Amino acid sequence: MKRRIGILTSGGDCPGLNAAIRGVARAAYELFDAEIIGIRNGYGGLIEGDYKEMNKKQFSGILTLGGTILGTSRTPFRNMRVIEDNGVDKVAAMKKTYKDLKLDCLVTLGGNGTHKTANLLSQEGLNVIGLPKTIDNDIYGTDFTFGFHTAVDIATDVIDRIHTTAASHGRCMVIEIMGNKAGWLTLYSGVAGGADVILLPEIPYDIEKVAKTVESRAKKKKAFSILAVAEGAMTREEAKMKKKEREALRAEQNFTCISSRIAKELTELVGVEARSVVPGHIQRGGSPSAYDRVLSTQFGVHAAQLIKEGHFGVTVALKGNDIVHNDLKDIAGVPKPVPQDDPVVVTARNMGINLGD
Ligand code: F6P
């Protein structure tokens with residue numbers, strides 16, 4: 001039986017998207033009579049009817065390629081039901097494209113927002129399968145998302161390289177790692193990079209406590225310190241504020257990023273020479289690691305198996321060593337912050353790493 005599959009990538013890009021697309025396509029061609037339609041630029045393409053019919057050849061040579069061959073965009077879930085000024089009803093438009101293309105299934109590769117919209121479309125009656133990607137690793141129900149481990153490798157390499165300058169100059173280096181709501185990437189790369197201080201959004205910090213570690217290292221003639229700070233890190237006071245209030249406070253203080261504020265505060269409190277480093281989107285760029293190539297491929301192949309079985313309304317996940325799937329309705333919109341008792345948090349504490357609390 002012929003099956004027409006639409007594939008889209010939505011939200012921020014990450015390494016492994018192409019490997020996952022390739023996994024879906026290769027297994028689909030292998031397991032059944034598949035026709036694959038690539039939807040351009042995420043849900044934007046589904047709304048606008050922007051797509052390309054694809055053939056086997058187009059999925060060749062993309063395993064190691066960073067980014068996404070389909071393009072991506074951020075189409076916020078909160079606006080999905082909002083009718084545009086030009087009268088466009090986005091949900092109706094997506095359903096129309098699905099119907100016009102005579103799709104049997106839509107595979108959506110993305111993070112939290114993508115999964116919320118995937119669930120909405122599933123509840124609207126479309127056959128949807130999700131694949132969890134994000135360097136933030138914050139999708140509920142899966143041990144790891146693809147893209148995360150590559151980003152950990154990149155962020156760890158950044159910390160390693162900064163380490164040498166920190167040691168040579170005896171400086172305090174504050175490295176800002178991506179992750180606004182979840183600190184997984186900072187936690188893993190901080191531990192892997194031997195950071196002295198790790199600050200996560202989930203564990204509000206006290207700058208005086210951070211300063212103590214930096215000061216005692218300076219006194220012991222280990223004149224340098226490495227701080228791995230999540231972009232969403234916040235003080236205990238800020239944690240009590242609403243997001244808007246926090247943003248207003250930072251704007252008033254004239255800081256564009258958290259690492260520069262911490263570097264300035266540590267210079268004032270301890271007298272060290274501090275610098276902030278923001279690797280930014282480098283953490284999302286380039287070729288996926290071997291781990292992510294395997295995981296993306298496994299996720300993609302599992303999605304193709306689900307299509308063959310006609311099992312929809314789910315997203316693929318990793319549980320221990322097994323590739324499984326969860327119902328979209330059970331995971332969409334559920335946060336996955338770093339728990340206070342996460343084994344890696346406990347490891348960090350037992351190593352004497354300062355978590356700022
Ligand atoms: O969700 C992935 C992520 O890289 C976050 O870590 C970061 O906060 C955000 O995307 C940055 O988004 P953008 O690429 O839209 O600036």
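Indexing begins at 1, ligand by ligand and atom by atom, following the structure's order. The model shown is predicted, which means the values in this text are computed figures rather than measured ones.
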Undergrad: Which of these passes salt bridge (Lys or Arg N to Asp or Glu O under 4.0 Å) with R261: E268, E176, E238?
TA: E238
Undergrad: In terms of relative ring orientation, are Y188 and F148 parallel, tilted or perpendicular, with 30° and 60° separating the classes?
TA: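 Because their plane-to-plane angle is over 60°, the rings of Y188 and F148 count as perpendicular.
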Undergrad: Do M178 and ligand 1 have an N or O pair less than 3.5 Å apart?
TA: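 So ligand 1 has no N or O lying under 3.5 Å from an N or O of M178.
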Undergrad: So, 4.0 Å and heavy atoms of G111: is ligand 1 close enough to count as a contact?
TA: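 Contact check G111 vs ligand 1: negative.
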Undergrad: If you compare all heavy atoms of F144 against all heavy atoms of L295, which two are closest, and at what distance to 0.1 Å?
TA: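 Taking F144 first and L295 second, the nearest heavy atoms are O-CD2, 4.2 Å.
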Undergrad: With a sphere of 6.0 Å drawn around CD of E309, does it hold more than 12 non-hydrogen atoms of other residues, nucleotides or ligands?
TA: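 Yes, enclosed.
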Undergrad: Can you sort out which atoms of ligand 1 are near E231, meaning under 4.0 Å from one of its heavy atoms?
TA: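 In order of number, 5 (C), 6 (O), 7 (C), 8 (O).
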Undergrad: If you have a sec, work out which protein heavy atom is nearest atom 6 (O) of ligand 1 and how many Å separate them, to one decimal?
TA: D136 OD1, 2.7 Å
Undergrad: Is the contact between L185 and ligand 1 made by the side chain, the backbone, both, or neither, using heavy atoms and a 4.0 Å cut-off?
TA: neither
Undergrad: Need the ligand 1 atom indices (1-based, order shown) with element for anything under 4.0 Å from a heavy-atom of G179.
TA: 6 (O)
Undergrad: Which bit of R74 gets closer than 4.0 Å to ligand 1, counting heavy atoms only: side chain, backbone, both or neither?
TA: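 The part of R74 near ligand 1 is the side chain, not the backbone.
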Undergrad: Give the residue and atom name of whichever protein heavy atom lies nearest to atom 16 (O) of ligand 1, and the separation in Å to one decimal.
TA: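 The closest one turns out to be H281 NE2, 3.3 Å.
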Undergrad: Is Y140 atom OH crowded by more than 12 heavy atoms from other residues, nucleotides or ligands, each under 6.0 Å away?
TA: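 No, because the 6.0 Å sphere around OH of Y140 holds 12 heavy atoms or fewer from other groups.
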Undergrad: Determine whether R4 and E53 satisfy the following criterion, salt bridge (Lys or Arg N to Asp or Glu O under 4.0 Å), listing intermediate values before the conclusion.
TA: CA-CA 10 Å; R4 281 176 65 79; E53 298 270 353; 3.2 Å; yes
Undergrad: I'd like to check which ligand 1 atoms, numbered from 1 as shown, lie under 4.0 Å from a non-hydrogen atom of I135.
TA: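 Within the 4.0 Å cut-off of I135, ligand 1 contributes 4 (O).
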Undergrad: Applying a strict 4.0 Å limit to heavy atoms, is Q283 in contact with ligand 1?
TA: no
Undergrad: Pick from T347, I353, V346: which one makes a side chain to side chain contact (heavy atoms under 4.5 Å, CB included) with N350?
TA: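 That would be V346.
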Undergrad: Look at atom 3 (C) of ligand 1 and say which protein heavy atom is nearest, naming residue and atom and giving the distance to 0.1 Å.
TA: R284 NH1, 3.5 Å
Undergrad: Assert yes or no for the condition that the ring centre distance of H115 to F77 is strictly below 6.0 Å.
TA: no
